[in-house]
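Notes to accompany the following structure.
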2 protein chains.
Amino acid sequence: MQSFALLKTQIRKYKLTPTYYFCLHLPTNNSNMSEKRALTMKDIARELGVSASTVSRALKDSPLISPDQRERIQRYAREHNFLPNELAGSLRLSHSAPSKLIGVIVPQFTHYYFSTILSGIEEQASLRGYRIIAAQSKERFEHEEHICQSMLGLRVCGVIVSQAKDTTHYEHYQQLMNAGMPLVFYDRICTGLNTNRVVVDDYMGAYNAVAHLIQTGCRRIAFYGSDMHLEISKNRYNGYRDALLKAGISPDDSLHLICDNRADAEIITPELLASANPPDAAFAVNDDTAIGILYTVKRMGLRVPEDFSICGFTNGERAIACDPPLTTVEQRGNQVGKEAVDILLDKVEGLTPMNKIEKRVVKTRLIIRGTTRPINP
Amino acid sequence: MQSFALLKTQIRKYKLTPTYYFCLHLPTNNSNMSEKRALTMKDIARELGVSASTVSRALKDSPLISPDQRERIQRYAREHNFLPNELAGSLRLSHSAPSKLIGVIVPQFTHYYFSTILSGIEEQASLRGYRIIAAQSKERFEHEEHICQSMLGLRVCGVIVSQAKDTTHYEHYQQLMNAGMPLVFYDRICTGLNTNRVVVDDYMGAYNAVAHLIQTGCRRIAFYGSDMHLEISKNRYNGYRDALLKAGISPDDSLHLICDNRADAEIITPELLASANPPDAAFAVNDDTAIGILYTVKRMGLRVPEDFSICGFTNGERAIACDPPLTTVEQRGNQVGKEAVDILLDKVEGLTPMNKIEKRVVKTRLIIRGTTRPINP
DNA sequence: AAGGAGTATGCAATCGTTTGCACTACTAAA
DNA sequence: TTTAGTAGTGCAAACGATTGCATACTCCTT
């Protein structure tokens with residue numbers, strides 16, 4: 001390998017571009033660059049024979065600039081579609097005002113519930129003059145970690161996040177907070193950290209759903225839920241249990257199933273229905289599972305809802321696509337997203353103290369459709 | 001109104017913060033700021049008693065820095081979770097290398113097909129070391145325009161976009177191109193502009209679907225499509241028509257329906273089935289419409305697929321939620337998103353000349369399920 | 001011993017925007 | 001005619017990272 005110092009000397013002697021540059025960065029002979037670039041304040045200043053400060057002030061309607069000068073500069077900017085470089089601006093002001101970019105981490109864009117939340121986040125952020133940088137963890141811890149690094153590098157003003165399923169450490173979140181960025185969790189909360197959060201009222205959602213099943217005549221109601229170490233599962237189970245107790249029905253552990261997807265539901269349900277004392281209804285923690293139950297029950301010759309009632313949780317696109325349409329608990333993802341943005345930006349803009357921890361609960365709504373019987377007997 | 005000059009004088013005399021500042025910018029007494037901030041190279045330099053240049057070079061593994069110094073600096077950075085401010089870096093290098101942010105404009109996040117595309121875009125961008133700024137036009141032209149302004153202000157390296165339904169002007173796209181940003185359209189192409197685009201093979205998708213219907217014994221196949229001025233509708237209709245012609249069936253105009261949603265399908269279909277010469281199958285431009293047809297047909301006492309076959313287009317979540325599951329054309333949104341990113345970044349990184357216009361077509365795939373009959377008779 | 005080669009570092013300018021301060025040229029009152 | 005007040009501009013220093021150049025030092029050769 002050739003010595004750098006020798007190169008440097010030659011470079012000086014012959015006035016070449018330093019060669020070690022090429023060793024560090026691949027030659028950026030990007031022929032696509034440099035043809036066109038965005039207009040800057042300096043360009044305008046040069047063109048109109050004033051200083052960049054004057055341009056800056058004129059465009060901000062500062063009263064320090066004379067009216068005609070102001071008008072002249074604004075007209076030029078308008079006619080040439082000038083837009084100030086926000087990155088430069090937020091760099092300059094980084095000590096007094098943060099950037100107008102919000103980091104958003106989502107486990108999976110294509111998951112319906114998450115897409116409604118993302119939509120709510122985007123809508124509210126946009127309304128308050130912010131843009132979002134959205135990334136998917138794809139349920140992988142290392143992706144989540146890497147995304148957090150990016151967000152830190154990009155100096156977003158704060159981060160809104162739902163954890164990947166396998167996340168158990170949270171140094172990466174701590175890092176963001178150390179850099180002064182507020183953090184808001186939604187849906188899948190980080191239990192190891194006492195932070196801002198927006199969740200759905202899982203308890204009442206489940207309670208009302210089960211109360212409705214009881215009201216329409218069901219007595220043996222199965223619960224299909226995820227592993228009980230998840231907050232969501234716990235809360236929904238408690239709502240289910242309390243609704244039963246309120247109606248004087250004591251919960252039966254054999255009706256408490258660990259099952260949260262359609263494939264498993266189609267395996268488990270036949271056994272359950274063939275048992276000595278089968279259920280007459282099911283409450284599932286998501287629509288996917290509910291649909292699995294629905295079609296299994298139908299396939300086994302039972303009528304829904306006449307012989308068997310079902311209630312899901314989510315109210316996604318599928319709920320009205322199945323036959324009969326699914327009675328389910330609406331999760332209002334849009335609202336969850338909006339509340340998360342409000343919590344975050346209220347802190348960013350100093351309307352709420354940084355150290356105050358906000359925990360909001362979004363009300364759910366029971367959507368009654370065809371998999372449960374009508375209320376009037 | 002009080003004079004500014006007077007204020008300025010007093011300000012100078014008493015060494016106050018200039019009052020006109022308060023008139024321009026609302027008081028930024030953001031008590032949340034300034035407590036914590038992200039670490040910078042300067043901080044590290046000060047701490048270790050070297051210059052910022054040395055830190056910069058050490059972190060970039062420059063051979064100009066002595067090995068032990070390099071190790072010392074890198075260790076400090078690692079231990080303190082230092083991440084360089086990307087915005088500052090890309091500002092400095094804005095003339096030789098663009099930022100690593102891609103602007104993405106989507107009509108609606110919650111629309112399943114768009115969410116798969118967005119997912120594909122994010123995945124591929126992430127793989128190539130970029131992040132996305134995602135925004136929804138919500139089908140409103142003025143939103144789209146405003147988002148383009150933002151993207152320009154944020155100096156993204158390029159924009160990937162699908163038009164809002166009511167967009168007919170395209171100065172806002174032109175502006176982006178004038179600033180040197182490559183543009184890639186997907187799904188809803190801007191017909192007024194000759195630009196990079198990724199679309200799905202609508203023609204072959206429809207052709208294969210209809211050919212399948214014919215192969216399984218259908219003879220009178222209805223076409224449910226959108227208004228014919230949309231590219232998508234035209235291409236799918238042509239595929240439908242050619243498949244019929246190929247089989248020696250002449251298209252019947254009375255079977256060509258303008259209908260692209262479930263509600264309309266539920267209104268139109270009964271009339272159609274009650275007509276003198278009713279169809280024995282339907283091909284719809286999306287799953288929503290197909291599901292509307294499906295349930296209407298079932299409600300009228302016909303069996304699907306024995307008496308009537310149906311094929312949709314999209315293969316969204318709903319396609320496997322309905323009963324029977326829907327035969328449909330898979331649009332492979334993920335692939336569309338990835339191709340769009342590749343076109344864009346190949347230009348940004350100088351692998352492809354800027355002025356070369358790329359037009360890619362993503363192959364569709366027919367997913368045969370329960371709303372069409374088996375192929376063996 | 002002197003000069004040159006080689007090594008490791010710092011200085012300063014740059015990117016585009018913002019803003020405290022200094023400065024000039026007025027006007028009006030004393 | 002001072003002199004104070006006022007209006008309008010420009011200069012220069014930030015923000016954080018990068019990098020061409022200068023420099024300070026060591027070591028080797030003649």
Side-chain angles (χ1 to χ4, degrees), chain A residues 2-13 15-21 24-25 37-45 49-60 62-70 73 82-97 99 153 155, chain B residues 3-13 15-18 20-21 24-25 37-45 49-60 62-70 73 82-97 99 153 155:
Chain A
Q2 200 170 4
S3 133
F4 281 111
L6 175 58
L7 283 171
K8 274 180 66 182
T9 313
Q10 292 178 343
I11 285 155
R12 275 166 213 168
K13 207 184 296 179
K15 305 258 176 228
L16 295 173
T17 306
T19 307
Y20 59 79
Y21 176 85
L24 299 180
H25 312 269
R37 36 175 277 273
L39 199 64
T40 72
M41 290 195 182
K42 270 191 198 168
D43 298 329
I44 299 179
V50 293
S51 74
S53 343
T54 304
V55 174
S56 172
R57 283 191 266 248
L59 294 176
K60 284 218 142 33
S62 161
L64 294 176
I65 304 299
S66 66
D68 45 344
Q69 181 83 277
R70 201 158 65 207
I73 293 172
F82 170 76
L83 274 176
N85 184 332
E86 267 196 44
L87 302 183
S90 83
L91 172 61
R92 171 74 226 297
L93 300 174
S94 51
H95 279 308
S96 56
S99 78
R155 301 295 193 268
Chain B
S3 137
F4 281 111
L6 174 59
L7 284 170
K8 275 178 64 180
T9 312
Q10 292 178 346
I11 287 154
R12 277 166 208 168
K13 202 183 303 179
K15 305 253 176 234
L16 295 173
T17 307
Y20 59 82
Y21 176 84
L24 298 180
H25 311 269
R37 36 175 277 272
L39 201 63
T40 72
M41 292 197 180
K42 267 190 204 168
D43 298 330
I44 300 180
V50 293
S51 76
S53 342
T54 304
V55 174
S56 173
R57 282 191 266 249
L59 294 177
K60 283 215 144 30
S62 163
L64 293 175
I65 302 301
S66 66
D68 45 345
Q69 181 83 278
R70 201 158 63 208
I73 293 172
F82 170 75
L83 275 176
N85 184 332
E86 267 197 43
L87 302 184
S90 83
L91 172 61
R92 170 75 225 296
L93 300 173
S94 52
H95 279 306
S96 56
S99 77
R155 300 295 191 271

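Letters go in sequence order (proteins before strands), and every chain restarts at 1.
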What is the distance from [atom1] of [X] to [atom2] of [N], rounded to the nearest Å?
X: B/His95; N: C/dA13; atom1: NE2; atom2: P; value: 18 Å
X: A/Leu93; N: D/dA14; atom1: CG; atom2: C1'; value: 10 Å
X: B/Arg57; N: C/dG10; atom1: CZ; atom2: P; value: 9 Å
X: B/Asp68; N: C/dA8; atom1: CG; atom2: P; value: 9 Å
X: B/Lys60; N: D/dA17; atom1: NZ; atom2: C1'; value: 8 Å

**Study point:** Given DNA chain C, 5'-ward residue of the pair B/Arg155 and B/Val55, judged by closest heavy atom
**Key:** B/Val55
Exercise for review: Report the residue (B/Thr54 or B/Leu91) whose heavy-atom-nearest nucleotide on DNA chain C is the more 5′ of the two.
Suggested key: B/Thr54
Of the listed nucleotides ([options]), which one gets closest to any side-chain atom of [X]?
X: B/Ser66; options: C/dA8, C/dC15, C/dC11; answer: C/dA8
X: A/Val50; options: D/dG10, C/dT9, D/dT9; answer: D/dG10
X: B/Ser53; options: C/dG10, C/dC15, D/dA17; answer: C/dG10
X: A/Arg92; options: D/dG10, D/dC15, C/dC15; answer: D/dC15
X: B/Ser56; options: D/dG10, D/dT19, C/dT9; answer: D/dT19

Check your understanding: In Å, rounded to the nearest 0.5 Å, how long is the span from OG of A/Ser94 to CG of B/Leu87?
Key -> 9.5 Å
**Study point:** Approximate separation, where rounding is to 0.5 Å, of A/Leu91 CG and B/Ser90 OG
**Key:** 9.5 Å
Review point. Per the end-axis method with five pairs at each terminus, what is the bend angle of the helix from C/dA1-D/dT30 to C/dA30-D/dT1, to 10°?
Key: 80°
Review point. Using a cut-off of 4.0 Å on non-hydrogen atoms, how would the nucleic acid contact of A/Thr40 be classed: base, sugar-phosphate, or nothing?
Key: sugar-phosphate
Check your understanding: Do we see a donor-acceptor contact under 3.5 Å between the side chains of A/Thr54 and A/Ser51?
Key -> yes
